[in-house]
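Below, all heavy atoms of this structure are taken into account, side chains as well, without hydrogens, waters or symmetry copies. Since the model is a prediction, treat every value here as computed from it, not as a measurement.
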Amino acid sequence: MKFAVRIIKNQFYPLKISDGANLRHGQMVLVRTEKGEEAHKVFLVNSEIQKQWEKFKPEPIPFVRTMNERDLAELDEIKKLEIQALYKCRELAEKRKLGMNLVQTRYTFDKKKITFYYTAPERVDFRELLKDLTQEFKRVRIDLRHIGVRDETSILQGIGVCGQSYCCCSFLKKFESVNTKLAKDQGIPMTPGKITGSCGRLLCCLNYEYSNYLEAAKTLPPVGSGVMTPDGIGKVAVLNFLKGSVGVKLEDGKIKDYLKKDIEMIDGEVNIEIEGEDNRLNYSEGDEVIDIKSLDNDKNSSTGNI
């Protein structure tokens, strides 16, 4: 049997176990990472993950020992210290008037290193803050790590609009590029609540079915093309990919759905106007109007610095 621990970005790393070690799935163990000794849950991996290991050959994580009741009690105390350290760091950052948002604090199990994760819209000079932290947390190595808003969501976790755990904290190993064109091509309403996640960035899942929509689009007449319908001449205004139909605006101004087999494309210009896409959004919580293209600016939303 092969065991693993999941450390960062949903990646499983094989455990380097000494002979005679008796492990079971779900058990808490101590491992040694580049940060020091850390507590993690053991996973019994299946044959598919083992095949991936043979292909990519990840570096095994040294196994230290299984955690006993005393260790688990110590881990609970460390979690309390992490919360206290987070609030203390926030207090010091506010005193220095630094534009940074503290997200999470993590101690190594041996309490020799503490890592503060933060987001910030721009570069932060935290040299004075580091001095304050050094005075506050003595005999501890301090690491301040800037992360993106997508990284923040993957750390804090939560439930998406689909009712499932966020992709970034369940199975995604890296963030793919996402832009508003993906939403437009799939006919999704261009409103923040429909196309953005809790991180404030475009939904990662906009990528998942995009290729299917592209294939479906090949079988339907493009928006703006003139067609002959059972009710007369019209112009294609909407593509309904899932139903395999199109919404046609007729000469009387009404829009009706037709299956592809019930319409015929015609040559020449059809003198019917269809509404263009609006590139501006109204947030319901205020009067601020934003440019939809601003959602395409995904720079530094993920750093991979967790």
Side-chain angles (χ1 to χ4, degrees), residues 3-18 21 27-43 58-96 98 100-120 123-157 168-169 173-174 300 302-306:
F3 293 93
V5 288
R6 188 169 66 179
I7 297 181
I8 56 173
K9 293 308 299 175
N10 307 312
Q11 293 190 27
F12 288 91
Y13 291 83
L15 269 183
K16 186 178 181 180
I17 306 173
S18 59
Q27 192 173 21
M28 293 296 294
V29 299
L30 289 179
V31 298
R32 186 171 292 107
T33 69
E34 59 179 10
K35 296 178 183 178
E37 287 189 4
E38 296 186 71
H40 287 285
K41 182 183 293 187
V42 166
F43 292 88
E59 186 69 26
I61 301 295
F63 165 77
V64 178
R65 59 182 170 83
T66 57
M67 297 181 69
N68 53 36
E69 291 185 6
R70 183 176 178 180
D71 292 328
L72 295 174
E74 178 67 17
L75 184 60
D76 288 338
E77 290 301 315
I78 289 175
K79 296 300 180 184
K80 294 177 183 178
L81 291 176
E82 288 175 344
I83 296 174
Q84 295 172 10
L86 178 66
Y87 282 107
K88 186 62 183 179
C89 186
R90 282 179 178 172
E91 178 187 328
L92 295 172
E94 289 175 3
K95 188 179 295 184
R96 293 290 181 182
L98 297 177
M100 56 194 298
N101 173 46
L102 270 295
V103 176
Q104 192 179 68
T105 301
R106 289 181 182 172
Y107 267 105
T108 55
F109 187 78
D110 53 19
K111 290 186 281 191
K112 293 181 179 179
K113 184 176 182 179
I114 183 171
T115 303
F116 296 94
Y117 296 96
Y118 72 93
T119 61
R123 188 180 181 89
V124 176
D125 184 354
F126 53 70
R127 286 176 293 184
E128 294 302 317
L129 174 62
L130 187 57
K131 292 178 183 178
D132 295 338
L133 292 172
T134 303
Q135 292 296 317
E136 185 69 31
F137 303 96
K138 301 183 184 299
R139 295 184 296 277
V140 179
R141 286 186 296 146
I142 297 171
D143 185 10
L144 282 161
R145 293 203 177 193
H146 175 248
I147 61 174
V149 289
R150 289 186 186 272
D151 301 317
E152 176 185 11
T153 303
S154 69
I155 288 177
L156 298 180
Q157 304 184 10
C168 58
C169 59
K173 294 182 175 62
K174 64 177 182 178
N300 297 326
S302 176
T303 64
N305 200 27
I306 300 178

Here the pair of heavy atoms bringing D132 nearest to R96 is OD2-NE, 2.8 Å
V5 versus F12: any side-chain heavy-atom pair under 4.5 Å? no
Within the 4.5 Å heavy-atom criterion, are M28 and L72 side-chain neighbours or not? yes
Let me confirm one number: the CD-NZ distance from E59 to K16, rounded to the nearest 0.5 Å. 7.5 Å
Can you see which heavy atom on C168 is nearest to which on S154, and at what distance? O-CB, 3.4 Å
Test L156 against V103 for side chain to side chain contact (heavy atoms under 4.5 Å, CB included), laying out the working first. CA-CA 8 Å; L156 298 180; V103 176; 4.0 Å; yes
Mind telling me whether F116 and F137 have parallel, tilted or perpendicular rings, with 30° and 60° as the class edges? tilted
Sorted by chain and number, sequence neighbours left out, side-chain hydrogen bond (donor to acceptor under 3.5 Å, both in side chains) with T303 holds for D151
Atom pair OG (S302) and CD (E152), whose distance is rounded to the nearest 0.5 Å: 12.0 Å
Atom pair CD/CG of E94 and L129 - distance to nearest 0.5 Å: 11.5 Å
Sub-4.5 Å side-chain heavy-atom contact between I147 and Y118: no
Y117 and R106: side chain to side chain contact (heavy atoms under 4.5 Å, CB included), yes or no, with the steps? CA-CA 8 Å; Y117 296 96; R106 289 181 182 172; 3.8 Å; yes
Identify, with sequence neighbours excluded, every residue that meets side-chain hydrogen bond (donor to acceptor under 3.5 Å, both in side chains) alongside T66. none
For L102, does its backbone N or O pair with a side-chain atom of R90 as donor and acceptor, under 3.5 Å? yes
How many angstroms lie between atom CD of E38 and atom CG of L75, to the nearest 0.5 angstrom? 11.0 Å
Measure the shortest side-chain to side-chain distance between F109 and M67 over non-hydrogen atoms and say whether it is less than 4.5 angstrom. yes
So do T153 and C169 actually touch side chain to side chain, heavy atoms under 4.5 Å? no
Hey, is the main chain of A120 close enough, under 3.5 Å, to the side chain of H146 for a donor-acceptor pair? yes
Heavy-atom check, side chain of K88 versus side chain of E136, under 4.5 Å: yes
Taken to the nearest 0.5 Å, the spacing of I142 CD1 from T134 OG1 works out to 4.0 Å
Quick one: does Q135's side chain get under 4.5 Å of K138's, heavy atoms only? yes
Thinking salt bridges, do K111 and E74 make one under a 4.0 Å N-O criterion? yes
Charged N to carboxylate O under 4.0 angstrom, D71 versus R65? yes
As a quick check of understanding, evaluate side chain to side chain contact (heavy atoms under 4.5 Å, CB included) for M100 and T119, giving each step before the final call. CA-CA 6 Å; M100 56 194 298; T119 61; over 6 Å; no
Side chain to side chain, L133 and V140, heavy atoms closer than 4.5 Å: no
Of T108, T105, D143, the residue whose pairing with T115 passes side chain to side chain contact (heavy atoms under 4.5 Å, CB included): D143
CA sep, side-chain torsions, deciding dist, call: Q27, K41, side chain to side chain contact (heavy atoms under 4.5 Å, CB included): CA-CA 6 Å; Q27 192 173 21; K41 182 183 293 187; over 6 Å; no
To the nearest 0.5 Å, tell me how far L144 CG sits from R127 CZ. 13.0 Å
Is the distance between the ring centroids of F43 and F3 less than 6.0 Å? no
Looking at E82 and Q104, would you say the former's side chain and the latter's main chain have a donor-acceptor pair under 3.5 Å? no
